[in-house]
*Asks:* 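Dumping the structure here so I can ask a few things about it.
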Amino acid sequence: MSADPVVIDGGDRSCVRLLLELRGHLAGLAPGTVVHLMATDPAAPIDLPAWCHLTGHTYLGPVEGAPTSTYALQVTADPRLTAPESPWRPG
C-alpha cells in the first residue's frame with residue numbers, strides 16, 4: 001500500500017457516471033489504498049458514503065484543505081459487487 005493517496009479527478013460527471021468509473025479504478029487497487037476523489041456533483045457528499053456502505057469500502061469523509069470538493073475512501077479487501085450498469089444496486 002502506498003503512503004500517498006491515489007487521486008481520481010471526477011470532474012463534473014454526474015454521480016452515476018462517477019460511481020461507474022470509480023468502481024473500475026478501485027478494482028485495480030490494493031486493499032487499504034486511500035483514494036481521494038475530486039467531484040463537483042452536488043450529490044457526491046451524499047452518494048459516495050452510501051455507495052461505500054453498499055460496497056464495503058470505507059468512506060473517510062471530505063478532505064480538508066483540498067482546492068476542490070474532494071472525498072476520501074479506503075479500498076476494502078473484499079468489496080461487495082454492484083450491478084454492471086447500476087453501481088448503486090447490489091450485484
Side-chain angles (χ1 to χ4, degrees):
M1 176 176 66
S2 172
D4 293 327
V6 172
V7 177
I8 299 172
D9 186 353
D12 62 353
R13 291 173 192 79
S14 69
C15 265
V16 173
R17 183 76 189 144
L18 189 64
L19 293 177
L20 286 169
E21 291 180 19
L22 180 60
R23 181 176 59 192
H25 282 293
L26 298 186
L29 297 177
T33 300
V34 173
V35 173
H36 285 182
L37 175 67
M38 298 184 299
T40 60
D41 186 312
I46 298 166
D47 289 349
L48 189 57
W51 184 80
C52 285
H53 178 76
L54 173 70
T55 60
H57 298 294
T58 303
Y59 179 69
L60 302 174
V63 176
E64 297 296 323
T68 61
S69 297
T70 304
Y71 309 93
L73 62 103
Q74 189 170 34
V75 178
T76 186
D78 192 23
R80 291 183 291 276
L81 299 177
T82 58
E85 70 289 346
S86 301
W88 58 91
R89 293 195 173 124

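Values below: all heavy atoms of this structure, side chains included; hydrogens, waters and symmetry mates excluded. Because the structure is a prediction, the values reported are computed rather than measured.
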*Asks:* Could you identify which residues cluster with Val7, counting Ile, Leu, Val, Met, Phe, Trp and Tyr as linked when any side-chain heavy atoms lie under 4.5 Å apart, either directly or through a chain of such contacts?
*Replies:* Met38
*Asks:* Quick check for you: to the nearest 0.5 Å, what is the distance between Cys52 atom SG and Leu37 atom CG?
*Replies:* 9.0 Å
*Asks:* What distance separates Thr33 OG1 from Asp4 CG, expressed to the nearest 0.5 Å?
*Replies:* 11.5 Å
*Asks:* Closest heavy-atom contact between Ala44 and Ala39?
*Replies:* CB-CB, 4.0 Å
*Asks:* Can you name the residues that form a side-chain contact (heavy atoms from CB on, under 4.5 Å) with Thr58, not counting sequence neighbours?
*Replies:* Leu60, Gln74
*Asks:* For residues 76-91, which residue pairs pass the salt bridge (charged side-chain N to carboxylate O under 4.0 Å, His left out) check, not counting sequence neighbours?
*Replies:* none
*Asks:* With sequence neighbours excluded, give me every side-chain hydrogen bond (donor to acceptor under 3.5 Å, both in side chains) pair touching residues 34-53.
*Replies:* none
*Asks:* Among residues at least two apart in sequence or on other chains, which ones pass side-chain contact (heavy atoms from CB on, under 4.5 Å) with Ala66?
*Replies:* Val63, Thr70
*Asks:* Identify each donor-acceptor pair in which a side-chain atom of residues 16-30 lies under 3.5 Å from a protein atom, sequence neighbours left out, and give them as a table.
*Replies:*
residue : atom : partner : partner atom : Å
Arg17   : NE   : Glu21   : OE2          : 3.1
Glu21   : OE1  : Arg13   : NE           : 2.9
Glu21   : OE2  : Arg13   : NE           : 3.0
Arg23   : NH1  : Thr82   : OG1          : 2.7
Arg23   : NH1  : Ala83   : O            : 2.7
Arg23   : NH2  : Pro84   : O            : 2.6

*Asks:* Minimum heavy-atom separation for Ala43 to Cys15, with atom names?
*Replies:* C-SG, 3.8 Å
*Asks:* Tell me, please, which residues at least two apart from Leu81 pass side-chain contact (heavy atoms from CB on, under 4.5 Å).
*Replies:* none
*Asks:* With Pro79, which residues qualify under side-chain contact (heavy atoms from CB on, under 4.5 Å), at least two apart?
*Replies:* His57, Thr76
